[in-house]
Amino acid sequence: MQKITCSAPGKIYLFGEHAVVYGESAICCAVDLRTQVQACLSDTVQISSVLGDTGIDHDRYPYVSSVVEKMSEITDIKGIKLCIKSDIPVGSGLGSSAAVTIATIQALNLLFECGLGAEDIATLGHSIEKKIQGVASSTDTYVSTMGGVVMVPLKKKLHIIDCGIVIGNTGKFSSTRQLVSNVAQLKKNYPKIIDPILSTIGRISLTGEKMVAKKEYESIGVLMNINQGLLDAIGVSSPELADLIYAARNAGAYSAKITGAGGGGCMVALTPLSEAEQVASAITRVGGKAIITKVTEHGVRVEH
Ligand SMILES: Nc1ncnc2c1ncn2[C@@H]1O[C@H](COP(=O)(O)OP(=O)(O)O)[C@@H](O)[C@H]1O
Ligand SMILES: C[C@@](O)(CCOP(=O)(O)O)CC(=O)O
Ligand SMILES: [Mg+2]
């Protein structure tokens with residue numbers, strides 16, 4: 001085999017971001033926004049995407065470069081040409097880094113017949129994210145590998161969510177490391193106040209699991225909105241996110257909350273299938289970039 005193309009999905013959180021950093025449960029969904037990586041045997045290492053054409057470049061391609069170097073420890077990679085295309089907004093809490101990491105690992109794994117299984121791919125992907133970001137839960141890379149709806153840290157596959165999903169992007173940069181650090185400081189200063197909030201978020205995830213199984217989207221929506229109130233309490237919302245969240249709720253969404261680190265980036269709304277367009281328009285009217293998507297069962301996969 002001289003060439004292979006793999007893709008991996010982005011993700012949204014139903015419940016549990018930030019609390020999951022402290023071992024509480026979260027429920028995360030792979031969504032139908034994908035990063036595609038074509039790998040061709042070559043004499044040298046070449047990485048190409050809208051970010052430009054380079055060789056190993058830890059400034060422009062920290063994740064892809066780290067994957068090539070890590071996989072070179074497993075197999076002899078004399079040269080490889082990697083071409084990347086993606087429809088996942090970058091730096092917005094939708095797991096674009098995990099998707100490009102996982103798709104690149106799988107492309108090299110299959111091209112060089114390394115024999116890595118899904119768990120190996122997810123674990124390797126998590127180690128790459130931790131190396132680059134410092135702090136990173138295993139959520140993004142696990143969900144991008146496995147697809148579907150997953151409860152972490154249990155790593156339990158749940159039933160599919162099949163209502164409408166509308167993502168609203170504030171377009172404001174959000175540093176996961178900074179937001180996680182802010183919460184850590186608050187927790188350190190007010191443990192008796194913040195610890196119960198984080199454990200309540202974990203309890204929301206555990207309660208939500210039963211509703212996901214029964215497709216009780218109104219009840220899931222109530223819990224997501226409570227989760228949003230608790231995220232606001234620990235300081236990770238923003239005026240821009242609030243504008244999109246309330247626009248979505250007022251337009252008929254079951255729920256709307258931050259997804260990921262917050263502070264900027266994206267919110268997510270669950271909607272009746274018939275209301276998705278209306279909710280997306282409401283988000284656009286208040287300055288957000290709306291993306292109507294759905295849950296995908298397909299984690300990392302071969303495209304051709
Ligand atoms: N399509 C892509 N091609 C190359 N690198 C990418 C791509 N998408 C994301 N990345 C890498 O991931 C980084 C964004 O990761 P991160 O800050 O964790 O945001 P996110 O919440 O989207 O995962 C980008 O700066 C880039 O290094
Ligand atoms: C805040 C946190 O729980 C989720 C961060 O998600 P993202 O990097 O914004 O996609 C941190 C983590 O779980 O690594
Ligand atoms: Mg990321």
Side-chain angles (χ1 to χ4, degrees), residues 7-31 33-38 47-54 57-68 82-104 107 125-126 128-144 150 152-153 167 169-184 187 198 201-202 205 227 230-231 234-238 241 257-268:
S7 74
K11 65 92 188 49
I12 56 109
Y13 274 90
L14 285 188
F15 316 108
E17 54 269 281
H18 286 288
V20 71
V21 175
Y22 298 97
E24 297 293 344
S25 294
I27 297 181
C28 209
C29 308
V31 290
L33 299 168
R34 301 187 77 86
T35 296
Q36 186 170 285
V37 176
Q38 180 190 75
I47 306 171
S48 169
S49 81
V50 293
L51 300 174
D53 299 344
T54 72
D57 181 337
H58 287 276
D59 294 323
R60 197 170 327 183
Y61 292 106
Y63 295 86
V64 177
S65 300
S66 297
V67 167
V68 173
L82 297 166
C83 299
I84 305 161
K85 291 182 189 143
S86 182
D87 53 18
I88 306 174
V90 174
S92 305
L94 298 177
S96 71
S97 61
V100 74
T101 300
I102 296 300
T104 306
H126 183 211
I128 297 274
E129 285 223 310
K130 269 195 304 191
K131 166 180 170 283
I132 294 165
Q133 295 170 195
V135 285
S137 77
S138 60
T139 310
D140 287 20
T141 40
Y142 189 80
V143 174
S144 196
V150 180
V152 291
I167 293 166
N169 194 341
T170 63
K172 298 285 182 195
F173 173 73
S174 151
S175 160
T176 299
R177 182 197 287 262
Q178 187 58 57
L179 273 294
V180 169
S181 164
N182 295 351
V183 172
K187 179 175 171 12
L198 296 172
I201 293 175
S205 302
N227 192 158
L230 297 174
L231 289 169
I234 61 173
V236 298
S237 194
S238 76
L241 281 164
K257 67 175 273 290
I258 286 165
T259 176
C266 293
M267 49 68 73
V268 64

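Everything numeric here is computed off the predicted structure, so don't read it as measured data. Both counts, for ligands and for their atoms, begin at 1 and track the order of listing.
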Distance only, no hydrogens: is a donor on one side chain within 3.5 Å (strictly under) of an acceptor on the other, for S238 and K172?
no
Please confirm whether Q133 comes under 4.0 Å of ligand 2, counting heavy atoms of the residue only.
no
So between I47, V100, I84, whose heavy atom ends up nearest atom 10 (N) of ligand 1?
V100
Checking heavy atoms under 4.0 Å, the part of T259 that sits near ligand 2 is neither
Between E17 and ligand 2, is there a nitrogen or oxygen pair with a distance under 3.5 Å?
no
The atoms of ligand 2 lying under 4.0 Å from a heavy atom of G93, numbered in the order shown, are 7 (P), 9 (O), 10 (O)
For atom 3 (O) of ligand 2, the protein heavy atom that lies nearest, with its residue and separation
H18 N, 3.0 Å
Under 4.0 Å from one or more heavy atoms of S86, ligand 1 contributes atoms 1 (N)
Does any donor atom in the side chain of S205 or E24 lie under 3.5 Å from an acceptor atom in the other side chain?
no
Can you list the ligand 1 atoms lying under 4.0 Å from a non-hydrogen atom of L94?
21 (O)
Is A261 close to ligand 2, meaning an N/O of one under 3.5 Å from an N/O of the other?
yes
Examine S96 and say whether one of its N/O/S atoms is closer to the Mg ion (ligand 3) than 2.8 Å.
no
Given A19, S137, S96, P153, which has its nearest heavy atom closest to atom 14 (O) of ligand 2?
S137
Taking both backbone and side-chain atoms of K11, is any N or O found less than 3.5 Å from an N or O belonging to ligand 2?
yes
Quick check: does Y61 get an N/O under 3.5 Å from an N/O on ligand 1?
no
Numbered atoms and elements of ligand 1 in range of S92, under 4.0 angstrom, heavy atoms:
21 (O), 22 (O)
Where's the contact between D140 and ligand 2, heavy-atom distance under 4.0 Å: side chain, backbone, both or neither?
side chain
Considering only heavy atoms from C-beta outward, does the side chain of H18 approach that of L179 to under 4.5 Å?
yes
Does C28 reach the side chain of Y142, with side-chain heavy atoms less than 4.5 Å apart?
no
Please report which non-hydrogen protein atom sits nearest to atom 15 (O) of ligand 1, along with the residue it belongs to and the distance in Å to one decimal place.
S97 CB, 3.2 Å
